[in-house]
Amino acid sequence: MSTCTSAITSSLWIAICAAAPEFIWQGLRIALNDPTWADLFSALLIGLILAFFVEPVMERIRDLLHWTRHRTSAESKPRNALFTASLSLAFALASVCLHDAIAAFVSGHNAEHAAANSGLEAGIMLVIEWAIVPLAITLVWLSARQRWLAVPMGVVGGASPCVAGWLFAWSAQAVITTAIPCLLILGFGYRQARTEPRQRVFARCAHSVALVAAIWFAFVLLLDAVLAFYHIDQFELYSPSDFWVDVRFYFGWTLGLMLAPSPYDRTADTIAERVG
C-alpha cells in the first residue's frame, strides 16, 4: 500500500513539473506587463526574510533529520556565508516573483484563458491539461513489472494524448504533435522500466524524454523549413508559439524525472532481483 501511494505521489510530482514551466511562463508574462517599484521592493523585503530566516530554519531542520550525513559533508566542505546568503536570496527573490506572477495569472488577468475560465479555475485547468500525459505515462513505467497492470496501464498511457485533446478541445494537429513523441517516450521508458534497477528508472527515463524531444524538435524544424521552402504553409506542424510551448513542456517533464524521488527503495530492488 505504501509503495502504491509513493508511486502515485512520484507520478504527480513529475506531472506537476511538466506543467510548471508553462504555468510560470504565463504568469511571468502577466507580471512583466506592468511592473512597479512597489512590487520590486516588496519582493526584496520578503526575499530577505526568506533568505536570512526561513531558509536557515529549514536548513537546520534538514540537518537535524540527517545529522550524520550532514556532519560529514559539512566537515569536508565548509560553507561560505556570503555565497550561501547570496544563493538563498536569489532563490527567495525568484520564488517571490513567481508567486506574484502566478497570483496574477489565477486572479483572472490572463486574457487567453479568461474567456473559458476565470480565476483559480483557469490556473487549475492549465496544470491539469499539461499534467495528464506525463502522469499517465509515469504510472505505466511504474507498473511495467506488474503483469496484471502492464497491459491496461499501457493502453491508458498510449491513449492519454487523445484523452487530453478530447477533454481540452485540442486541434487534431495538436493531438498528433503530442501523441507521436509521447508514444516514443512511452516505449523507450517502458523498456528501461523493465530492465533497469528501479532506483535508476527515473534518471534513465529523463534521458529518453530529453533525447526524443530533441530529435522530434529537430525533425519538426527541418520539416517545417522544407514545407516553407516549397510554400506549403497549410501543413505547418508548429506555429512559433506552439513550438515553444512544447519545448517548455518537455523541459519540465525531464526536470521532473530528475527531481522526483523513486517510490522504491533498495530493498525492493534486491527482492525483485532475487525473485527474477
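None of these values were measured; they are calculated from a predicted model. By convention here, the first residue in the shown sequence is residue 1.
Every residue two or more places apart in sequence or in another chain that forms a side chain to side chain contact (heavy atoms under 4.5 Å, CB included) with S143 is listed here: L149, M153.
What you find for A19 and A131 is that their closest heavy atoms are CB-N, 4.4 Å. Listed here is the closest heavy atom pair of A150 and A144: CB-O, 3.9 Å. When all heavy atoms of A7 and L142 are compared, the closest pair comes out as O-CD1, 3.5 Å. Taking each heavy atom of S208 and Q192 in turn, the nearest pair found is OG-OE1, 3.0 Å.
No chain of hydrophobic side-chain contacts below 4.5 Å, direct or via other Ile, Leu, Val, Met, Phe, Trp or Tyr residues, connects V209 to L211. Residues M258 and I14 are members of separate hydrophobic clusters, defined by side-chain heavy-atom contacts under 4.5 angstrom among Ile, Leu, Val, Met, Phe, Trp and Tyr. Note on V133: it does not cluster hydrophobically with V156, by side-chain heavy-atom contacts below 4.5 Å among ILVMFWY residues. Note: the hydrophobic cluster containing W25 does not contain M125 (ILVMFWY, side chain heavy atoms under 4.5 Å, direct or indirect links). One hydrophobic cluster, built from ILVMFWY side chains closer than 4.5 Å, holds both L223 and Y250.
Legend: side chain to side chain donor-acceptor pair (under 3.5 Å) pairs involving residues 209-218, not counting sequence neighbours, sorted by first then second residue: W216-Y238.
Counted within 6.0 Å of CZ on F168, heavy atoms from surrounding residues, nucleotides or ligands total more than 12; the atom is thus considered enclosed.
No donor-acceptor pair under 3.5 Å is formed between the side chain of W253 and the backbone N or O of A210. S10 contributes a side-chain N or O that, together with a main-chain N or O of P261, makes up a donor-acceptor pair within less than 3.5 Å.
Using a 4.5 Å heavy-atom cutoff, the side chains of F53 and V57 are in contact. Between V175 and C162, the closest side-chain pair of non-hydrogen atoms falls below 4.5 Å. Looking only at side-chain heavy atoms (C-beta outward), I176 and W170 stay at 4.5 Å or farther from each other. Residues P21 and W130 form no side-chain contact, since every pair of their non-hydrogen atoms from C-beta on lies 4.5 Å or further apart.
Here the OH-OG1 distance, from Y190 to T195, works out to 11.0 Å after rounding to the nearest 0.5 Å. Taking CD1 of I185 as the start and OG1 of T138 as the end, the distance is 10.5 Å to the nearest 0.5 Å. Rounded to the nearest 0.5 Å, atoms CG (L135) and CD1 (I16) are 8.5 Å apart. Note that the CD1 atom of I137 and the CD1 atom of I132 stand 12.0 Å from one another [nearest 0.5 Å]. Note: R248 CZ to F243 CZ = 11.0 Å, rounded to the nearest 0.5 Å. In this structure, D242 CG and T177 OG1 are separated by 7.5 Å, a value rounded to the nearest 0.5 Å.
Hydrophobic side-chain contacts under 4.5 Å tie F251 into a cluster, directly or through other members, with W13, L255, L259.
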